[in-house]
Amino acid sequence: MEKNIDEAAQYVASLKVCAREKDLSTGSILHHKISKSGLLGKNLFLGSALVNMFVKCGELKKAQHVFDEFVDKNVVLWNSLLSGYALHGHNKEALACFEQMQRVSCLPNTVTYICILKACSSMRDLKKGQKIHSQIVNEGFLEKDTLMYSVLMDMYSKCKALDEVQELFNKIPVQSTDSWTALICAYVQCQCYEEALSSFEQMQQGGFSPNIATLTSIFKACGLLGCLEKGIEIHLHLVRIQWLEESIVASNALIDMYAKCGALSKAEEVFVKLPAPNLITWTELIAGCVNYGYGYDALIYSERLQLCGFSPDSVTYACILKACGNTEALERGKRIHARLVKDHALEEDPIIASSLINMYANCGALKNAQGVFGKLTTLDVVTWNVLIKGYVENGHHDLSFSCFKQMKEKGPLPNGTTVVCLLESCGVTGDLDKAEEVYAQVIRQNLLENDLLVGNSVVNVYVQCGDLQRAQEVFLALPAWNIISWNVLIAGYAEHGYSKISLYYYEQMKLAGFSPNTITIACTLKACGNILALDNGENIHAQVAKQVCIQSDDDMVINALVDMYARCGAHKRALQLHYQKPFQDATPWNAMISGCILHGQEEEAFNYFEQMQVQGYTPDEITFACILKACGSRGSVFKGQEIHSQVIQKGVSKLSMVVGTALVVMYSKCGMLMESQYLFDRLPIQDVVSWTALMTGYAAMGKDDTVLKIFDDMLLDGIHPNPVTFTAVLQVCRRRGLVQTAEYYFEIMRTSYQLDPDLEHYICMVDLYSASGHLDKAIALVRKVSDPTLCHTLLDACKKQGAAKIGSWSFQQM
DNA sequence: GTAGGGTTAG
């Protein structure tokens with residue numbers, strides 16, 4: 001008997017080694033020997049060790065087989081098997097085991113509960129977890145082992161029941177590193193990163209030092225929050241206590257933190273010091289490069305990892321393919337595709353398939369993207385979304401909607417991402433009907449409920465299509481708002497010329513308890529500038545200083561402030577900001593210059609243009625465009641030519657649209673039609689502004705036939721005229737007495753181009769009618785519009801013709 | 001002498 005015990009103890013020791021090293025072959029030999037020795041089925045110590053060895057080697061069937069050999073089982077043997085099922089994610093089997101052992105009256109102990117809770121966690125089965133929790137409490141196991149608290153907290157956090165986690169934490173009689181760690185991990189699990197960091201502070205204040213798991217979670221929180229400073233601080237502490245090398249997991253978390261914060265050189269520093277980076281390490285680096293726009297570096301890493309003997313898995317492939325797409329490395333992408341086909345990876349993994357489609361779409365190779373899509377046997381919603389996004393980004397809006405149609409007919413059902421993509425497409429095309437169709441689907445599937453992005457996208461699409469009424473309706477009906485929802489609406493009103501309404505919603509937003517962010521401030525200041533509301537703008541400036549989440553020296557805020565002050569004519573206030581913190585580039589100077597132009601102070605504009613260059617700022621395209629505008633308004637030909645040669649000196653070999661158009665306008669205003677026409681012919685694209693500038697210029701020279709000819713050419717070119725274009729045309733008609741032609745243009749302006757005539761157009765028509773003897777028509781228009789200026793026009797015409805009665809009528813109208 | 005958790009990449 002004595003000998004047997006010795007022998008069994010030796011076997012147990014050897015099996016332990018096999019389990020740790022996952023050495024199945026030695027383990028199997030031992031299994032064989034033990035069977036022959038007759039010890040199997042009798043010695044429970046040996047049985048547990050054997051079951052455990054097979055479990056650790058992933059041989060669950062063999063573990064079950066050994067387990068079955070025992071007639072009398074104790075709790076340790078049950079636990080050995082149960083832990084195996086839980087470890088390998090066979091949660092149903094683990095649960096069955098748990099119930100079975102209780103049926104045969106084997107009482108669970110702490111270890112049993114820990115294992116079964118793990119199964120509940122990975123099944124995210126809150127109900128089952130709660131049931132076991134109360135069983136643990138009833139049987140008094142909570143006090144037996146504080147580990148129980150941590151495990152329960154983990155279960156609840158996996159089931160997203162954060163309240164229960166906090167409640168448990170508060171009940172722990174004596175806190176420890178482990179309990180704090182469980183809390184911090186739970187916060188990270190539930191994406192409450194700020195809470196995780198503040199708990200970490202408290203933990204350290206309480207005198208507990210973090211372990212590997214704490215640090216791993218904290219790094220994750222820092223990375224996802226973008227808290228680089230905090231991350232560096234902890235890293236430095238780790239370096240001091242020389243702790244990091246112990247764990248590849250913690251090192252990977254650290255590298256990922258740096259990569260997520262965009263500190264790629266820091267990530268690389270940690271990486272090169274690692275004794276044994278794994279595939280995850282490499283993948284983190286690749287992902288970091290891809291996400292921060294260093295696609296080529298990502299591809300270099302992807303080659304290096306393969307040279308080091310690693311094969312990419314599906315996550316790595318997703319990153320590499322993204323890098324190919326970002327760098328438009330189509331040929332490399334195709335080679336990877338070929339390899340994936342050879343390895344049958346596409347059927348196995350939907351992520352790889354979607355990444356491949358995405359890569360082709362990003363390279364503009366839609367045929368290839370369709371090819372991959374067409375060969376897939378199972379299409380999930382992600383695959384469809386990737387294809388739809390590809391269509392939208394490549395301008396095939398019709399195709400994206402035919403996908404939408406197919407999804408609605410045959411499934412899978414669209415999700416939030418699908419509709420956001422489609423709404424983006426509507427925003428680009430301005431197709432309100434399609435936007436309505438998508439919105440209807442959003443309502444049908446109740447997609448607004450859990451995803452603010454969807455609601456914000458709907459509001460945004462109506463704003464982009466210019467239907468602010470509808471945007472407001474949808475906004476008011478949203479189940480919840482965030483700061484972005486408000487910004488979309490505030491920006492929308494400001495951009496479409498409803499600045500007062502924009503400012504009204506800014507006030508409403510504050511009343512609703514939201515704090516403005518940088519974007520809000522920029523939009524609101526824009527609105528103030530639009531309506532020259534200096535007081536309002538100053539109030540907002542004062543609020544910026546008080547707002548915690550806004551850096552008052554943020555360039556975006558400063559530029560918006562300068563723009564507002566300059567538009568309102570408060571140049572001194574604008575310039576003060578420059579003396580507080582020097583402008584970062586030409587942008588705020590441009591705002592100063594265009595502010596002057598807006599107020600007819602061209603000399604001032606030239607001054608600032610001078611001043612910025614003296615101070616070492618380089619004018620950009622916008623600066624030149626603004627200053628050329630000033631030249632045009634003043635008719636400063638020489639100054640204009642000087643700027644023109646400065647533009648040429650800057651080495652702008654091809655005329656850019658912005659500067660080119662500004663030059664066309666400037667020369668046209670200065671009456672130099674030859675120059676204007678010459679530059680017009682050399683523009684990369686002739687848009688409505690340059691066409692109109694040319695027409696206005698010729699009209700000013702009295703070249704009426706040329707104006708009408710140019711107008712026809714422009715329409716033939718498919719360019720939509722704007723109100724200024726029609727002003728030029730109608731002025732020519734007035735001068736030439738072309739009543740019918742004018743009536744025709746006045747008509748198509750509304751019917752064909754959806755442009756409401758403004759005062760200028762009415763003045764032309766009234767003047768033309770009264771000068772050509774159509775006083776009845778002139779009166780009809782004056783009645784319809786009832787504007788004092790228009791009455792004046794009629795009065796003047798009557799004076800000239802001595803039509804006293806109508807003259808006095810229009811005088812009364814005034 | 002046998003059984004046990006929390007952590008990482010898209």
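Here the structure is a predicted model, which means the values were calculated and not measured. Proteins get letters first, then strands, A, B, ... in listed order; numbering begins at 1 in each.
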* Using a distance-only test with no angle check, is there a side-chain donor-acceptor pair under 3.5 angstrom linking A:Y113 and A:Q135? -> yes
* Structure fact -> Looking only at B:dT7, B:dG5, B:dT8, the nucleotide nearest the A:I280 side chain is B:dT8
* Side chain of A:N52 (C-beta onward), nearest among B:dG1, B:dA3, B:dG5 -> B:dA3
* Asked: Choosing from B:dT7, B:dG6, B:dG10, which nucleotide comes nearest the side chain of A:S314?
  -> B:dG10
* Touch check for A:T110, heavy atoms < 4.0 angstrom, all strands: base, sugar-phosphate only, or nothing? -> base
* Return no unless some side-chain N or O of A:Q189 is found under 4.0 Å from OP1 or OP2 of B:dT7. => yes
* To do: Just say parallel, tilted or perpendicular for the rings of A:Y301 and A:F271, cut-offs at 30° and 60°.
  => perpendicular
* Of all the nucleotides listed (B:dA9, B:dA3, B:dG5), which has the minimum atom distance to the side chain of A:S80? -> B:dA3
* To do: Using a heavy-atom cut-off of under 4.0 Å over every strand shown, decide if A:T316 touches base, sugar-phosphate, or nothing.
  => nothing
* Asked: In terms of side-chain heavy atoms of A:K118, which of B:dA3, B:dT2, B:dG5 is nearest?
  -> B:dG5
* What does A:N278 touch in the nucleic acid at a heavy-atom separation under 4.0 angstrom: a base, only the sugar-phosphate, or nothing? -> nothing
* Asked: Is NZ or CZ of A:K73 both nearer than 6.0 Å to the six-membered ring centre of A:F70 and within 45° of the ring axis?
  -> no
* Evaluate the ring planes of A:W282 and A:F310, with Trp represented by its six-membered ring, and classify them as parallel (under 30°), tilted (30 to 60°) or perpendicular (over 60°). => tilted
* Asked: In residues 126-137 of chain A, which residues come under 4.0 Å of DNA chain B by heavy atom?
  -> none
* Closest listed nucleotide, where the reference is the side chain of A:K56 and the choices are B:dG4, B:dT8, B:dT7 -> B:dG4
* Quick one: which of B:dG4, B:dT2, B:dA9 gets closest to the side chain of A:V12? -> B:dT2
* When we call it a touch if two heavy atoms are under 4.0 Å apart, what does A:S150 touch: a base, just sugar-phosphate, or nothing? -> base
* To do: Would you check if the distance from the ring center of A:F54 to the ring center of A:H31 is below 6.0 Å?
  => yes
* From the options B:dT8, B:dA9, B:dG6, select the nucleotide whose nearest atom is closest to the side chain of A:V249. => B:dT8
* So, is A:K16 near the phosphate of B:dG1, with a side-chain N or O under 4.0 Å from OP1 or OP2? -> no
* By side-chain hydrogen bond (donor to acceptor under 3.5 Å, both in side chains), which residues pair with A:T26, not counting sequence neighbours? -> A:D23
* **A:K260 side-chain N/O to B:dG10 phosphate OP1/OP2 under 4.0 Å** => yes
* Structure fact -> Of the candidates B:dG5, B:dT8, B:dG4, the side chain of A:D154 sits closest to B:dG5
